[in-house]
*Asks:* 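I am attaching a structure below and will ask some questions about it afterwards.
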Amino acid sequence: MSPSGGVTRNTLRQQIADALRDEVLAGRLPPGREFTVKQIAEQYGVSATPVREALFDLSAQGLLASDQHRGFQVREFTVADYRAMAEARALVVEGLFRNYAEGVAVRPEGLASIRRRAAEAVRAAKGGDLDVLIGYDLRFWRELGQFVRNPYIADFLARLRVQAWVFAVHRLRRDGMDEGVLWFGHEELVDALSRSDHEQVRAAMHSYYAHALAWADRLEARASEGDGPGPSDSPDSPHPLDSPDPPDSQDPLDSQESRGSAPEGPKAPESPGHCA
């Protein structure tokens, strides 16, 4: 294959993976939804090869389950999964703080952008705009992750945050958003980082993970009482496989920031991280 052909295929692969990830995060591809490579290829009007690669990428990220005979399925995370995600992230971040100077390198020039993400995430949370919240929250944590010296740790934390949002989005749409569910400490965390106040940063992160675990406790208590359906029992919502046309939803962040034109192929909104 020529170099240009390889670039085109890799670009399509990434665009398809990004677009499908956004459909999952928006709740338009709900947990348990099954589809095949052929369906997605027809949906986007592309060959099977980049679609198959994109779906395997999302499987490797823990968002899809694959079966040799049934194709792919949007993974359905349980409360126990969510609790394990929060505990894993807390353990990793605690390890970073044991040797802060070696594990984290805060660049003051990078904090201005992160502060804007923090303000927008809090505004969206208080305004009840879940789509915008997911977008800014993921960007907030992804940009903070650039301060982590070990890129493998940063990637691990970013993947867990996406998975946590996949768990949370259906429950938040069903139950609504309030301060008992959402964490509003983004700006306080940025302020502590700007002051190099390591103890306050650590306290903010402990608050973040404690908040997530408290929500898991409430969800488990509610399930034990038999109160409310699981995410798969929520009313069906439109999703891209119900129509022959590709999804035409706008990235909630496009109204605030222009990212320029993307190469031809499936529209790939930038992946939206985690307040819940």
*Asks:* Start with the C-alpha gap between Arg222 and Asp175, add the side-chain angles, then the distance that decides, and say whether salt bridge (charged side-chain N to carboxylate O under 4.0 Å, His left out) holds.
*Replies:* CA-CA 12 Å; Arg222 177 177 176 177; Asp175 301 337; 2.8 Å; yes
*Asks:* Indicate the atoms forming the closest heavy-atom contact of Ala118 with Phe140, along with that distance.
*Replies:* CB-CE1, 3.6 Å
*Asks:* Looking only at heavy atoms, what is the nearest atom pair of Val74 and Pro30, with distance?
*Replies:* CB-O, 3.4 Å
*Asks:* Is a side-chain N or O of His211 found less than 3.5 angstrom from the main chain of Leu182, in a donor-acceptor match?
*Replies:* yes
*Asks:* Tell me, with the steps shown, if Ile16 and Glu53 meet side chain to side chain contact (heavy atoms under 4.5 Å, CB included).
*Replies:* CA-CA 9 Å; Ile16 293 165; Glu53 292 170 341; over 6 Å; no
*Asks:* Rounded at 0.5 Å granularity, tell me how far CG in Leu193 sits from CG in Leu111.
*Replies:* 6.5 Å
*Asks:* Let's go through Lys38 and Glu42 carefully: what are the C-alpha distance in whole Å and the side-chain angles of both, what is the deciding distance for salt bridge (charged side-chain N to carboxylate O under 4.0 Å, His left out) to 0.1 Å, and is it a yes or a no?
*Replies:* CA-CA 6 Å; Lys38 184 175 182 291; Glu42 290 176 350; 2.6 Å; yes
*Asks:* Would Glu187 and Arg115 pass as an ion pair if we require N to O under 4.0 Å?
*Replies:* no
*Asks:* Are Gln61 and Leu58 close enough that some pair of their side-chain heavy atoms sits under 4.5 Å apart?
*Replies:* yes
*Asks:* When clusters are formed by joining ILVMFWY residues with side-chain heavy atoms under 4.5 Å apart, either directly or through shared neighbours, do Val181 and Leu213 land in the same one?
*Replies:* no
*Asks:* Side chain of Ser207, backbone of Ala203: donor and acceptor closer than 3.5 Å?
*Replies:* no
*Asks:* Do you know which two heavy atoms are closest between Phe147 and Arg107, and how far apart they sit?
*Replies:* CE2-N, 3.5 Å
*Asks:* How long is the gap from CE on Met205 to CD on Gln200, to the nearest 0.5 Å?
*Replies:* 12.5 Å
*Asks:* Could you check Thr36 against Phe72 for side chain to side chain contact (heavy atoms under 4.5 Å, CB included), going step by step and ending with a plain yes or no?
*Replies:* CA-CA 6 Å; Thr36 64; Phe72 293 83; over 6 Å; no
*Asks:* With a 4.0 Å cut-off on N to O distance, would you call Asp191 and Arg195 a salt bridge?
*Replies:* no
*Asks:* Between Leu160 and Val92, is a side chain to side chain contact (heavy atoms under 4.5 Å, CB included) present by the stated rule, with each step listed?
*Replies:* CA-CA 11 Å; Leu160 284 182; Val92 171; over 6 Å; no
*Asks:* Distance alone, cut at 3.5 Å: any donor-acceptor contact between the side chains of Asp18 and Gln14?
*Replies:* yes
*Asks:* Could you tell me whether Arg149 atom CZ has more than 12 heavy atoms of other residues or ligands within 6.0 Å of it?
*Replies:* yes
*Asks:* Between Thr49 and Leu12, is any pair of side-chain heavy atoms under 4.5 Å apart?
*Replies:* no
*Asks:* Quick one, Val37 and Arg52 - any side-chain contact, counting heavy atoms below 4.5 Å?
*Replies:* yes
*Asks:* State, with a plain yes or no, whether a side-chain heavy atom of Leu25 is found less than 4.5 Å away from one of Val169.
*Replies:* no
*Asks:* So, for Trp141 and Tyr208, is the gap between ring centers shorter than 6.0 Å?
*Replies:* yes
*Asks:* Quick one: do Asp131 and Arg173 make a salt bridge, cutoff under 4.0 Å?
*Replies:* yes
*Asks:* Are the side chain of Gln163 and the backbone N or O of Ala158 linked by a donor-acceptor pair below 3.5 Å?
*Replies:* no
*Asks:* Please report the shortest heavy-atom distance between Gly145 and Ala154, naming the atom on each side.
*Replies:* O-CB, 3.5 Å
*Asks:* To the nearest 0.5 Å, what is the distance between CZ on Arg98 and CG on Leu96?
*Replies:* 10.0 Å
*Asks:* Show the nearest heavy-atom pair for residues Ala164 and Arg89, with the distance to one decimal.
*Replies:* CB-NH1, 3.5 Å
*Asks:* Can you confirm whether Tyr209 sits close enough to Val93 that some side-chain heavy atom of one is under 4.5 Å from a side-chain heavy atom of the other?
*Replies:* yes
*Asks:* Determine, for Glu120 against Arg123, whether the closest basic-nitrogen to carboxylate-oxygen distance falls under 4.0 angstrom.
*Replies:* yes
*Asks:* Is there side-chain contact between Phe56 and Leu64, with at least one heavy-atom pair below 4.5 Å?
*Replies:* no
*Asks:* Ser224 side chain to Ala221 main-chain N or O, any donor-acceptor pair under 3.5 Å?
*Replies:* yes
*Asks:* Measure the CD-CZ distance between Gln43 and Phe35 for me, rounded to the nearest 0.5 Å.
*Replies:* 11.0 Å
*Asks:* Looking only at heavy atoms, what is the nearest atom pair of Ala17 and Ala54, with distance?
*Replies:* N-CB, 3.7 Å
*Asks:* Rounded to the nearest 0.5 Å, what separates atom CZ in Arg75 from atom CD in Gln73?
*Replies:* 11.0 Å
*Asks:* Any side-chain heavy-atom pair from Arg70 and Glu34 closer than 4.5 angstrom?
*Replies:* yes
*Asks:* Among Asp81, Val79, Thr78, find the residue that satisfies the side-chain contact (heavy atoms from CB on, under 4.5 Å) test when tested with Phe167.
*Replies:* Val79
*Asks:* Heavy-atom distance under 4.5 Å between the side chains of Glu94 and His206, does that happen here?
*Replies:* yes
*Asks:* Does a side-chain N-to-carboxylate-O contact under 4.0 Å join Arg83 and Glu220?
*Replies:* yes
*Asks:* What's the spacing between Asp57 CG and Arg21 CZ if we round to 0.5 Å?
*Replies:* 8.5 Å
